[in-house]
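Only heavy atoms go into these numbers, but all of them, side chains included; no hydrogens, no water, no symmetry mates. Numbers restart at 1 for each chain; the letters A, B, ... are given by sequence-line order, proteins then strands.
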Amino acid sequence: MVFGLAAPRDFVLKRDVCSYGYFLLAPNRWLPREGALERVFSASGRVVTARVTQARRGGELKVALSRSVSKSERERIGAGLSRMLRLDEDAAHVRAFHTLDPRWKASGRARLFRSPTFFEDVIKTVTSCNVTWPSTIQMNRRLCEVVGGGAFPSADQLARTRVQTLRARCRVGYRDARIVELSRMVARGEVDPGWFEDPGRSDEEVRAALMELPGIGPYAANNILQLLGRYAHIPLDTESVRHGRAVLGLTGSAASVMKKVRAHFAPFGSQMFRSYWFEMWAHYEKKAGPSWTWETERTAKTFTASGMK
DNA sequence: GGTAGACCTGGACGC
DNA sequence: GCGTCCAGGTCTACC
């Protein structure tokens with residue numbers, strides 16, 4: 001079963017998929033040789049794999065499903081892929097970023113890969129806190145295998161999962177209770193993804209609400225903001241400190257380097273995160289080659305703050 | 001408002 | 001093969 005998805009005229013699949021680490025996390029799979037993105041979805045209780053390819057820049061995306069699904073399921077998968085690839089960020093939106101930071105005009109870098117749902121972005125962010133990258137890869141792989149049956153688990157599925165199961169089988173450590181509680185809040189409707197996705201709300205309003213969620217601190221809240229398309233905050237972590245020291249030549253304690261990194265990127269205002277991120281990404285690519293050649297297992301061995309020094 | 005220490009996992013290292 | 005150390009944000013208690 002094959003269907004098409006219209007892409008913005010500047011859209012390049014390999015560049016725009018391989019723009020943020022989540023493209024390496026289950027149930028996503030980037031195939032470097034084929035230049036294709038594979039993603040497992042759940043449809044009517046069964047898994048289905050979507051394979052996305054693009055023949056030329058700006059051309060329609062071809063989505064091949066591993067089995068047939070209903071029209072409504074196909075539309076849901078299409079909407080999920082559109083969110084992941086930020087197809088709503090058109091060429092004019094990209095130009096606005098490049099006007100503020102022309103360094104990325106030549107490469108066209110602007111879109112940042114994300115998940116098909118707000119819920120998955122939140123859980124993925126929790127699995128990236130206080131762990132090295134290989135553990136984040138493992139946690140997402142096991143959440144999909146153990147709870148989601150191959151796909152990323154829904155809020156309902158995770159809400160019904162025992163805390164002990166998450167710890168013992170998914171190896172999420174002390175994040176177990178936080179993940180279950182978060183999932184229950186979404187499953188019960190206490191946390192409404194639509195509220196967070198509403199562009200009418202201010203950054204500060206959304207950030208404050210995120211900080212109320214279990215397992216979400218300043219770093220995670222700022223990261224979820226960028227995943228929501230709000231780029232005026234930087235999730236400062238040990239990577240920021242490494243980048244500040246190694247690339248920007250900043251000195252001092254970790255806390256003072258973080259403050260200096262924030263001040264360094266402040267002139268980019270509403271686009272601060274993207275300027276920061278693509279600068280770091282360029283540094284990774286300098287070390288490890290173009291991101292669309294990366295394979296999950298290789299990044300698991302090299303992508304840590306200490307490993308990228 | 002700022003800070004110390006606990007929370008888990010997995011990899012690196014020394015023996 | 002075993003023990004120890006370390007990296008990595010959030011949360012709570014305390015000053």
Side-chain angles (χ1 to χ4, degrees), chain A residues 20-22 24-26 115 119-147 158 161-186 191 196 204 206-228 233-246 250 252-262 273 276-277 280-281 283-284 287-288 294-309:
Chain A
Y20 191 68
Y22 290 5
L24 295 160
L25 298 180
S115 304
F119 174 71
E120 183 176 331
D121 273 338
V122 171
I123 299 298
K124 277 190 157 57
T125 298
V126 171
T127 66
S128 73
C129 288
N130 200 29
V131 279
T132 51
W133 183 242
S135 294
T136 303
I137 291 174
Q138 279 303 325
M139 282 184 223
N140 279 276
R141 186 175 290 158
R142 285 167 166 156
L143 282 172
C144 294
E145 283 171 4
V146 175
V147 188
L158 273 171
T161 306
R162 285 165 36 149
V163 169
Q164 298 88 325
T165 304
L166 283 188
R167 181 172 296 212
R169 298 187 59 199
C170 302
R171 313 296 291 168
V172 299
Y174 64 86
R175 297 162 198 79
D176 54 0
R178 295 173 191 176
I179 289 174
V180 170
E181 185 52 27
L182 258 170
S183 305
R184 285 182 180 157
M185 291 168 84
V186 174
V191 169
F196 288 89
E204 289 318 314
V206 175
R207 187 171 187 276
L210 288 168
M211 294 275 286
E212 291 293 312
L213 302 178
I216 307 298
Y219 163 82
N222 287 0
N223 193 54
I224 296 167
L225 281 180
Q226 70 86 2
L227 292 164
L228 286 168
H233 297 263
I234 296 178
L236 291 163
D237 61 0
T238 50
E239 280 289 279
S240 321
V241 176
R242 180 203 56 73
H243 186 75
R245 288 188 175 136
L250 303 175
S253 67
S256 80
V257 169
M258 280 194 191
K259 280 185 186 166
K260 289 173 186 171
V261 168
R262 191 190 292 117
F273 175 76
Y276 159 81
W277 182 257
M280 292 225 301
W281 205 246
H283 177 74
Y284 295 158
K287 296 266 180 187
W294 300 350
E295 306 206 26
T296 305
E297 295 314 317
R298 186 159 62 94
T299 69
K301 291 188 176 68
T302 55
F303 279 42
T304 59
S306 51
M308 293 300 277
K309 270 178 191 158

Participant: Measure CG/A/Asp176 against P/B/dA6 and give the value in whole Å, please.
Facilitator: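 Taking atom P of B/dA6 as the reference, CG of A/Asp176 is at 19 Å.
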
Participant: Does any donor atom in the side chain of A/Arg242 or A/His283 lie under 3.5 Å from an acceptor atom in the other side chain?
Facilitator: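 Yes - a donor-acceptor pair under 3.5 Å links their side chains.
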
Participant: Would you tell me if any nitrogen or oxygen in the side chain of A/Arg142 comes within less than 4.0 Å of OP1 or OP2 on B/dG10?
Facilitator: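 Result: yes.
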
Participant: Can you check the A/Glu212 CD to C/dT10 C1' distance for me, whole Å?
Facilitator: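 Atom CD in A/Glu212 sits about 14 Å away from atom C1' in C/dT10.
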
Participant: Could you please name the option among C/dG8, B/dC8, C/dC11 that lies closest to any side-chain atom of A/Thr238?
Facilitator: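 Out of C/dG8, B/dC8, C/dC11, the nucleotide with an atom closest to A/Thr238's side chain is C/dG8.
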
Participant: Where the side chain of A/Ser135 is concerned, which of C/dT10, B/dC7, B/dG10 is the nearest nucleotide?
Facilitator: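 Of the options given, the side chain of A/Ser135 lies nearest B/dG10.
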
Participant: Measure CD1/A/Ile234 against P/C/dG9 and give the value in whole Å, please.
Facilitator: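 Distance, rounded to whole Å: 15 Å.
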
Participant: Could you check how far CD1 of A/Ile179 sits from C1' of C/dG9, rounded to whole Å?
Facilitator: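 Rounded to whole Å, this separation is 14 Å.
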
Participant: Side chain of A/Arg171 only, heavy atoms from C-beta on: which candidate in B/dC8, B/dT9, C/dC11 is closest?
Facilitator: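 Minimum distance to the A/Arg171 side chain belongs to B/dT9.
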
Participant: Given C/dG9, B/dT9, C/dT10, identify the nucleotide with an atom nearest to the side chain of A/Arg167.
Facilitator: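 Per side-chain heavy atoms of A/Arg167, the pick is B/dT9.
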
Participant: Give the minimum heavy-atom separation between A/Ala254 and A/Arg245, together with the two atoms involved.
Facilitator: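 So the two residues come closest at N-NH2, 3.4 Å.
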
Participant: Do A/Tyr219 and C/dG8 share a donor-acceptor pair, side chain to base, under 3.5 Å?
Facilitator: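 A donor-acceptor contact between them is absent.
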
Participant: Could you check, using the six-membered ring where one of them is a Trp, whether A/Trp133 and A/Trp294 have ring centers closer than 6.0 angstrom?
Facilitator: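 Aromatic pair excluded; centres sit 6.0 Å or further apart.
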
Participant: Does A/Thr132 place a side-chain N or O at less than 4.0 Å from the phosphate oxygens OP1/OP2 of B/dG10?
Facilitator: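 It does not, given that no N or O in the side chain of A/Thr132 lies less than 4.0 Å from OP1 or OP2 of B/dG10.
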
Participant: Could you verify whether a donor N or O on one side chain and an acceptor N or O on the other, from A/Thr125 and A/Tyr22, lie under 3.5 Å apart?
Facilitator: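 On atom types as modelled, these side chains qualify, holding a pair under 3.5 Å.
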
Participant: Using 30° and 60° as the class limits, which term best fits the ring planes of A/Tyr20 and A/Phe273: parallel, tilted or perpendicular?
Facilitator: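 If you compare the ring of A/Tyr20 with that of A/Phe273, the planes turn out perpendicular.
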
Participant: Check the distance between B/dG11's P and A/Glu297's CD and give it to me in whole angstrom.
Facilitator: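 Computing the A/Glu297:CD to B/dG11:P distance gives 11 Å.
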
Participant: Nearest whole Å is fine: how far is C/dC11 P from A/Met211 CE?
Facilitator: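 My rounded result for the distance is 8 Å.
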
Participant: On the nucleotide C/dT10, are OP1 or OP2 found under 4.0 Å from the side-chain N or O atoms that A/Arg175 carries?
Facilitator: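 No, outside the criterion.
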
Participant: Round to the nearest Å and state the distance from A/Glu239 atom CD to C/dG9 atom C1'.
Facilitator: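 For the pair A/Glu239 CD and C/dG9 C1', the rounded distance is 13 Å.
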
Participant: Between atom CG in A/Asn130 and atom C1' in C/dG9, what is the gap in whole Å?
Facilitator: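 Those two atoms, CG and C1', are 5 Å apart.
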
